[in-house]
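Worksheet: the structure to be examined is printed underneath.
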Amino acid sequence: MTGFDTLLYEKQDGIAYVTLNRPQFLNAYNMQMRDDLAEVLKAIRDDDEVRVALFRGAGEKAFCAGADLKEFLTAPSPVVARQIRFDRDVWGLFLSVPQPLIAALHGYVLGSGIEMALCCDLRIASEDAHFGLPEVELGIIPAAGGTQTLPRTVGRGYALEMLLTGRWIDAGKAWQIKLVNRVVPKKQLRKTVKQMAARIAAHDPDVMRCAKQAVVQGLDLPLAAGLDLERILAARFGPGSIAQKA
Ligand code: COA
């Protein structure tokens, strides 16, 4: 297991495990975590042995309670604190990783915590998970991609309700609005996500990457262009390519 200051990184049987590891601060996202996450995401992206990656939070209470408010408050202003974060485009990097990404969500999933989860492809929550975007209470708007990724996931109405009111929702509501794929009892969270990751890792990694690319890239395209993209990607696995592989 490789230890960063704020993350644990482990690789086993084609699955990368990334654990946000500041449990004493509910895994709040600080600048060190930004830097560590950038390193880990690049390592995942560039490692063909990694077929799928799983993100989770250490400790009992939280996946991630959002941006580190102590750091935010010691910066001259939240705007300056943010500007420093923008120096490194972690969220762009997150969204560009070609392998499937899974988030295992428990406890508090707030602010950048939700946004990190939204950079993943599949989200599995435990029954104790609570989701919220408290940014409006701080006089700012989300800036880790949330204003774009949330409506693409739950639709405009629910996204705006969460963004404008700052109201938290529980795991059941998160499932109802399709913020998460599945809700499981807390003690089954690890096992469920591991099984899901293992299932993905057992398939041809090129097929997994192309399926992800077709869906994710296609969602931002007009239908005709999306169908073109699908045709191009599907052709990689046509009879000719199977013969080549054999
Ligand atoms: N940044 C920095 N530290 C944080 C944090 C954050 N976002 N969220 C929690 N912590 C720290 C607390 O300060 C506390 O540390 P301390 O013991 O040194 O004081 C520790 O984590 C445990 O948190 P605590 O508040 O005691 O837990 P709780 O169960 O009573 O409350 C929350 C949990 C999530 C309701 C509460 O911590 C909270 O509101 N956090 C801020 C959430 C937020 O606004 N995030 C920013 C989004 S932009």
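Keep in mind that this is a model prediction, so the values were computed, not measured. Keep in mind that the numbers below use all heavy atoms, side chains included, and drop hydrogens, waters and symmetry copies.
Residues L93 and K42 meet the side-chain proximity criterion, which asks for heavy atoms closer than 4.5 Å. Between P100 and I200 there is a side-chain heavy-atom pair separated by less than 4.5 Å. Residues M162 and I177 meet the side-chain proximity criterion, which asks for heavy atoms closer than 4.5 Å. With contacts defined as side-chain heavy-atom distances shorter than 4.5 Å, the pair V109/R123 does not qualify. Considering only heavy atoms from C-beta on, K61 stays 4.5 Å or farther from P23 through its side chain. L69 is listed as a side-chain neighbour of L138, based on a closest heavy-atom distance under 4.5 Å. In this structure the side chain of Q217 reaches within 4.5 angstrom of the side chain of L229, judged on heavy atoms. Contact check for Y29 versus L37: side-chain heavy atoms found under the 4.5 Å cut-off.
What you find for A38 and V90 is that their closest heavy atoms are CB-CG2, 4.3 Å. Nearest approach of V136 to T165, heavy atoms of both residues: CG2-C, 4.2 Å. In this structure, E10 and R56 approach most closely via the heavy-atom pair OE1-NH2, 4.2 Å. Residue V193 comes nearest to A104 through the heavy atom pair CG1-CB, 3.8 Å, listed as atom of the first residue, atom of the second, then distance. Closest approach of C119 and L95 over heavy atoms only: CA-CD2, 3.8 Å. In terms of heavy atoms, G111 sits closest to P134 at N-CD, 3.6 Å.
M33 and L26 fall into different hydrophobic clusters, where Ile, Leu, Val, Met, Phe, Trp and Tyr residues are linked whenever their side-chain heavy atoms come under 4.5 Å apart, directly or through other members. Residues L122 and V207 share a hydrophobic cluster, clusters being chains of Ile/Leu/Val/Met/Phe/Trp/Tyr side chains in contact below 4.5 Å. Grouping the Ile, Leu, Val, Met, Phe, Trp and Tyr side chains by contacts below 4.5 angstrom, directly or via other members, places L221 with L233. F55 and L150 fall within a single hydrophobic cluster, where Ile, Leu, Val, Met, Phe, Trp and Tyr side chains are chained together by heavy-atom contacts under 4.5 Å. Taken together through direct or relayed side-chain contacts under 4.5 Å among Ile, Leu, Val, Met, Phe, Trp and Tyr, F25 and L7 form parts of separate hydrophobic clusters.
Using a 4.0 Å cut-off between charged nitrogen and carboxylate oxygen, R22 and D5 do not count as a salt-bridge pair. Taking 4.0 Å as the cut-off between side-chain N and carboxylate O, R231 and D228 count as a salt-bridged pair. Taking the charged nitrogens against the carboxylate oxygens, D13 and R51 have no contact shorter than 4.0 Å, which rules out a salt bridge. Looking at K212 and D121, a side-chain N of the basic residue comes within less than 4.0 Å of a carboxylate O on the acidic one, giving a salt bridge.
Between atom CG of residue L41 and atom OH of residue Y9 there is a gap of 9.5 Å, rounded to the nearest 0.5 Å. Atom NZ of K178 sits about 11.0 Å away from atom CG of N181, to the nearest 0.5 Å. With rounding to the nearest 0.5 angstrom, the CE atom of M116 is 12.0 Å from the OG1 atom of T149. T19 contributes atom OG1, which lies 9.0 Å from atom CG of N27 (distance to the nearest 0.5 angstrom). Here the NE2-CD1 distance, from H130 to I114, works out to 12.0 Å after rounding to the nearest 0.5 Å. Annotation: the span from H203 atom NE2 to M208 atom CE amounts to 5.5 Å, rounded to 0.5 Å.
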message: Pair D206, R236 - check side-chain contact (heavy atoms from CB on, under 4.5 Å), show working.
response: CA-CA 9 Å; D206 291 335; R236 293 193 196 175; over 6 Å; no
- request: For K11 and D47, run salt bridge (charged side-chain N to carboxylate O under 4.0 Å, His left out): C-alpha distance rounded to whole Å, both residues' side-chain angles, the deciding distance at 0.1 Å, then the answer.
  value: CA-CA 11 Å; K11 210 173 73 173; D47 185 348; 2.6 Å; yes
message: Apply ring pair (Phe, Tyr, Trp, His ring centres under 6.0 Å) to residues F131 and F63 and explain how you reach the verdict.
response: CA-CA 10 Å; F131 301 82; F63 171 71; 9.2 Å; no
task: I would like to know whether L8 and V18 meet side-chain contact (heavy atoms from CB on, under 4.5 Å); could you show each step before the answer?
output: CA-CA 6 Å; L8 299 173; V18 182; over 6 Å; no
message: One pair to check against side-chain contact (heavy atoms from CB on, under 4.5 Å): L179 and Y158. What are the steps and the verdict?
response: CA-CA 10 Å; L179 176 58; Y158 286 124; over 6 Å; no
message: Between L20 and C64, does the side-chain contact (heavy atoms from CB on, under 4.5 Å) criterion hold? Intermediate values first, please.
response: CA-CA 8 Å; L20 311 182; C64 171; 3.8 Å; yes
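Between the side chain of H106 and the backbone N or O of S126, no donor-acceptor pair lies under 3.5 Å. At least one donor-acceptor pair closer than 3.5 Å links the side chain of Q99 to the backbone N or O of I44. With E135 contributing its side chain and L163 its backbone, the two residues share no donor-acceptor pair below 3.5 Å. Judged by distance alone, with hydrogens and angles left aside, the side-chain atoms of E115 form a donor-acceptor pair with the main-chain N or O of A144 at under 3.5 Å. A donor-acceptor pair is defined here as one N or O able to donate and one able to accept, closer than 3.5 Å; such a pair exists between the side chain of R152 and the backbone of Q148.
Heavy atoms from other residues, nucleotides or ligands lying under 6.0 Å from CZ of R190 number 12 at most. Few gaps surround CD on Q32; more than 12 heavy atoms of other groups in view lie less than 6.0 Å from it. For CD of E60, the number of neighbouring non-hydrogen atoms (other residues, nucleotides, ligands) closer than 6.0 Å is 12 at most. The number of heavy-atom neighbours closer than 6.0 Å to NZ of K194, taken from other residues, nucleotides and ligands shown, is 12 or below.
Classification of the W168-Y108 ring pair by plane angle, with boundaries at 30° and 60°, yields perpendicular.
With 3.5 Å as the limit, one finds no donor-acceptor pair spanning the side chains of T6 and N21.
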